[in-house]
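What you see is a predicted model, and the numbers here were worked out from it, not measured in a lab. Here, residue 1 is the first one in the sequence, and each next residue gets the next number.
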Amino acid sequence: MSVSGIILAAAVVGGTGLVISVLLGIASEKFKVEVDEKEIAVRECLPGNNCGGCGFAGCDSLAKAIAQGEAPVGACPVGGPDAAAKIAAIMGVETGDVEKQVAFVKCAGTCEKTKSKYKYFGNEDCVSAVSVPGGGPKACEFGCTGFGSCVKVCDFDALHIVNGVAQVDKEKCVACGKCVETCPKSLIELVPYRAPYRVACNSKAFGKAVKEVCSAGCIGCKLCTKVCEFDAISVENNIAKIDYSKCTGCGKCAEKCPSKIILLNAR
């Protein structure tokens, strides 16, 4: 090939490249997606677990919602107060009262304390167990079945079956809420990490019926309500319920409870 041919080919290639680069530059300006710097900054403060505990599809969705003012700065249960404080600084708002939450299993019906109706040989799964007659092998229809469906969905190794009942390691729990959604008996709830006392029962049965199947069940006697000086505990549907905003941790309710199911926050 002659020198002139080489020069011509180089010019054509160079010209084509120049035209393409110009067109790409125009296209990038025309179709560019505006990036919200606040959204990026908020996303960097989120842990990245994508657990869905905040109610959004994942951390990206939550970051976008917070940046647009559609979600509170403390919406991430995994990040907790630390993440909320960082995000609040980015958004230029106050954090408000962001208290760490943990899951709690409202059952103390261990193998020794609750009776069984029959031997169960089905799938080792709570959802499967409650679908059989009587709602599972345990005599208490409201109690933990102990097959660990909640354990299987926990990404943080915060739940384990101990003596037939699910228990939460509050130091590992991030309050993502997956166990709450999974439990077919609605036995698990999110409570304040620093809650002094918790009621470890979910039975709605009357006192005599409770005692016939479990020695660790609330009998709805209301003795706890009578000794509480702060109106922090009540009995609804035959089960004691604590108002954590009023509870001072005096422990009188726990001392008075004949079934000893108002437990000090140590589990």
Side-chain angles (χ1 to χ4, degrees), residues 53-54 72-85 94-110 113 140 142-144 150 156 158-159 162 165-181 183 185-207 210-211 214-267:
C54 58
V73 295
C76 176
V78 180
D82 291 340
E94 297 292 330
T95 58
D97 294 327
V98 180
E99 185 174 7
K100 178 178 172 60
Q101 302 280 303
V102 292
F104 174 67
V105 181
K106 298 179 289 183
C107 181
T110 58
K113 295 178 179 179
C140 177
F142 301 97
C144 177
C150 54
F156 306 94
L159 274 149
V162 180
V165 176
Q167 287 193 13
V168 179
D169 183 335
K170 66 176 185 177
E171 302 305 328
K172 292 183 178 180
C173 179
V174 299
C176 68
K178 284 187 177 180
C179 58
V180 177
E181 296 175 358
C183 180
K185 293 190 175 183
S186 301
L187 271 173
I188 308 175
E189 67 178 1
L190 296 180
V191 301
Y193 175 86
R194 299 183 183 279
Y197 288 88
R198 303 167 180 180
V199 179
C201 184
N202 193 50
S203 177
K204 309 298 188 300
F206 289 101
V210 172
K211 283 304 182 183
C214 181
S215 62
C218 177
I219 57 176
C221 64
K222 297 185 180 181
L223 290 177
C224 54
T225 66
K226 295 176 182 178
V227 297
C228 182
E229 300 173 6
F230 306 96
D231 192 31
I233 190 164
S234 59
V235 174
E236 300 175 12
N237 295 319
N238 301 317
I239 183 74
K241 182 178 181 180
I242 297 175
D243 183 339
Y244 296 112
S245 67
K246 296 179 180 179
C247 181
T248 64
C250 69
K252 289 184 178 180
C253 58
E255 293 175 5
K256 196 68 174 179
C257 177
S259 299
K260 302 305 177 186
I261 49 86
I262 302 179
L263 305 179
L264 183 65
N265 184 0
R267 288 177 57 183

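- Crowding of Lys113 atom NZ: a count of heavy atoms from other residues, nucleotides or ligands under 6.0 Å not exceeding 12.
- Not a single side-chain hydrogen bond (donor to acceptor under 3.5 Å, both in side chains) links Lys241 to another residue, sequence neighbours left out.
- Across every non-hydrogen atom of Leu263 and Ala200, the tightest pair is CD1-CB, 3.6 Å.
- Without hydrogens or angle criteria, Lys106 side chain to Phe104 main chain gives no donor-acceptor distance under 3.5 Å.
- Closest heavy-atom contact between Ala232 and Cys228: N-SG, 3.3 Å.
- Distance check: Leu187 CG to Cys144 SG gives 6.0 Å after rounding to the nearest 0.5 Å.
- Distance check: Phe142 CZ to Lys204 NZ gives 6.0 Å after rounding to the nearest 0.5 Å.
- Residues Thr225 and Val235 are in side-chain contact: their nearest non-hydrogen atoms beyond the backbone lie under 4.5 Å apart.
- Other residues, nucleotides and ligands contribute over 12 non-hydrogen atoms within 6.0 Å of the NZ atom of Lys211.
- Formation of a donor-acceptor pair under 3.5 Å by the Ser259 side chain with backbone atoms of Ile261 is not found in this model.
- Between Ala240 and Cys218, the shortest heavy-atom contact is N-SG, 3.5 Å.
- Val165 and Gly109 make their closest contact through CG2-O, 3.2 Å (heavy atoms, listed as atom of the first residue, atom of the second, distance).
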Query raised in the report: Could you go step by step and tell me if Cys107 and Asn202 meet the side chain to side chain contact (heavy atoms under 4.5 Å, CB included) rule?
Result: CA-CA 6 Å; Cys107 181; Asn202 193 50; over 6 Å; no

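- Residues Cys54 and Ala75 share a closest heavy-atom pair of CB-O, 3.4 Å.
- Cys253 and Ile233 make their closest contact through CB-CD1, 4.2 Å (heavy atoms, listed as atom of the first residue, atom of the second, distance).
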Please set out all donor-acceptor pairs under 3.5 angstrom arising from side-chain atoms of residues 171-178, sequence neighbours excluded.
from: Glu171; atom 1: OE1; to: Tyr193; atom 2: OH; distance (Å): 3.1
from: Glu171; atom 1: OE2; to: Tyr193; atom 2: OH; distance (Å): 2.6
from: Lys172; atom 1: NZ; to: Asp157; atom 2: OD2; distance (Å): 3.0
from: Lys178; atom 1: NZ; to: Asp155; atom 2: OD2; distance (Å): 2.7

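- For the atom pair SG (Cys247) and OH (Tyr197), the distance works out to 8.0 Å, reported to the nearest 0.5 Å.
- Residues Leu159 and Val105 have side chains in contact (heavy-atom distance under 4.5 Å, counting atoms from C-beta outward).
- Val191 places a side-chain heavy atom less than 4.5 Å from the side chain of Tyr244.
- Legend: salt bridge (Lys or Arg N to Asp or Glu O under 4.0 Å) pairs involving residues 247-261, not counting sequence neighbours, sorted by first then second residue: Glu229-Lys252.
- With 3.5 Å as the limit, one finds no donor-acceptor pair spanning the side chains of Arg194 and Asn265.
- At a threshold of 4.5 Å between non-hydrogen side-chain atoms, the residues Ser203 and Asn238 do not count as touching.
- For the pair Asn237 (side chain) and Ile239 (backbone), a donor-acceptor distance under 3.5 Å is absent.
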